[in-house]
Amino acid sequence: MSHVHDALFFMVKNLYEEKKWREILKLNEFSNIPDANRILWVWPNEEDIRFIQDFIVRNGLKGVSSIGCGNGLLEWILQQATGLAVEGIEINEEWWKSRYAYPPFIDLKFPNFPLENPLNKDHALLFCYFNNGPAFTDYVKNYTGNGIIIIGPSYGNGKHTEPPPFNVKFPSLNWKLECYKEIKQTKDFIAFYIRSGEL
Ligand SMILES: C[S@@+](CC[C@H](N)C(=O)[O-])C[C@H]1O[C@@H](n2cnc3c(N)ncnc32)[C@H](O)[C@@H]1O
C-alpha cells in the first residue's frame, strides 16, 4: 500500500463491498487526488449520473454497453444508482485476469475482432476516456441503436482521447450532438449523440 492509488483503491473496494456508491464518488469529490485516474478517469457527482440516466430513459434505451470500461467502476456505480442494465467490454483478457490488474467491479466481456456479434441496440454505447479511433469506428458501425455517450477532456484540460467528446469523427453523418454537461469543473465533458435518420 505504498501508493496513493493503492490506498484509494482499498477504500473504494471496501465501499463497493458495502454497496456505497455515493461515498465512492465523494472520495474524490474535488477531483484532486493524484493518480486517481489509475482507478477511474473521471469522478462524476450524482448530478452527472442522473444526467446520463435521463438521456438513456428519454431515448427509450434500457442500459449501457461501455466500451473500454477498464475496471468497470463507473459502470457499477451507474448500475447501482439507476438500476439500468450495464455491460462492460474490454480487450486483453490475459491482463485483466493477471495479478497485476486491479480486479474489475463488473464482469468484463472480451469480444473477438473483427466484431462478430452486433452490439445491443437497446443500450446506449458509452466511451469513457476511450483511446482507439479505428476501434471506435468499428463499434459504431456494429451498433444499430440510437444513443452514444462520449466522456472525455475538452480544450484546456491537457488530456486527449479518441474520440474526444466534441468534433467526433463518426462513420456516418447521422449522429448529432443532443446535449452535454461538464463534470464538476474538470473540463471533462459528457456528450450525448443521437442517431437521426436511417442506418
Ligand atoms: C484510458 S482507459 C479508460 C478506462 C475507463 N473507461 C475509465 O474511464 O477509467 C481506455 C480503455 O480502453 C480499452 N480499449 C482499447 N481498445 C479497445 C477495444 N478495441 N475494445 C475495447 N476496449 C478497448 C483499454 O484496454 C483501456 O482499458
Side-chain angles (χ1 to χ4, degrees), residues 3-6 8-9 11-13 16 21 24-25 27-28 31-45 48-49 51-52 63-81 86-98 100-120 123-143 148-154 157-165 168-171 180-184 186-192:
H3 297 96
V4 176
H5 60 263
D6 285 335
L8 182 64
F9 184 80
M11 286 190 267
V12 168
K13 187 88 181 156
Y16 164 79
W21 60 270
I24 294 179
L25 293 181
L27 285 176
N28 195 19
S31 291
N32 58 359
I33 297 186
D35 279 353
N37 64 6
R38 299 267 314 257
I39 298 169
L40 187 57
W41 276 89
V42 294
W43 291 72
N45 59 22
D48 301 317
I49 300 288
F51 187 66
I52 295 174
V64 171
S65 296
S66 178
I67 315 294
C69 63
N71 61 30
L73 179 59
L74 177 65
E75 292 70 16
W76 177 80
I77 291 172
L78 259 176
Q79 193 273 319
Q80 291 290 310
V86 301
E87 68 172 355
I89 295 172
E90 260 295 335
I91 50 168
N92 208 344
E93 188 164 9
E94 216 172 283
W95 158 255
W96 286 106
K97 296 202 166 145
S98 79
Y100 304 106
Y102 287 127
F105 295 94
I106 60 172
D107 286 341
L108 304 179
K109 292 187 178 165
F110 299 95
N112 293 323
F113 296 96
L115 288 169
E116 288 162 354
N117 300 317
L119 296 155
N120 187 337
H123 282 193
L125 289 193
L126 167 64
F127 296 88
C128 179
Y129 263 81
F130 199 59
N131 54 7
N132 187 336
F136 168 73
T137 303
D138 275 356
Y139 282 109
V140 175
K141 282 186 177 165
N142 267 276
Y143 173 64
I148 294 183
I149 306 169
I150 298 176
I151 303 179
S154 189
N157 172 300
K159 301 191 195 89
H160 177 76
T161 57
E162 197 53 53
V168 181
K169 292 184 204 105
F170 281 103
Y180 61 88
K181 181 184 188 305
E182 185 174 9
I183 295 180
K184 298 184 276 190
T186 56
K187 298 195 172 90
D188 280 321
F189 283 79
I190 309 170
F192 294 134

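As the structure lists them, so they are numbered: ligands from 1, and atoms in each ligand from 1.
- In this structure, Gln80 contributes its side chain and Trp21 its backbone to no donor-acceptor pair below 3.5 Å.
- Contact shell of ligand 1 (protein heavy atoms, cutoff 4.0 Å): Leu40, Trp41, Gly68, Cys69, Gly70, Ile89, Glu90, Ile91, Phe113, Cys128, Tyr129, Phe130, Asn131, Asn132, Ala135, Tyr139.
- With no hydrogens or angles considered, a side-chain donor-acceptor pair links Asp6 and Tyr102 at under 3.5 Å.
- With sequence neighbours left out, Phe51 forms a ring pair (Phe, Tyr, Trp, His ring centres under 6.0 Å) with Phe192.
- Between Tyr129 and Trp41, the ring centre distance stays below 6.0 Å.
- A salt bridge between Lys109 and Glu87 is present, with a side-chain N of the basic residue lying under 4.0 Å from a carboxylate O of the acidic one.
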Q) What's the verdict on side chain to side chain contact (heavy atoms under 4.5 Å, CB included) for Phe170 and Thr137, showing C-alpha distance, side-chain angles and the deciding distance? A) CA-CA 7 Å; Phe170 281 103; Thr137 303; over 6 Å; no

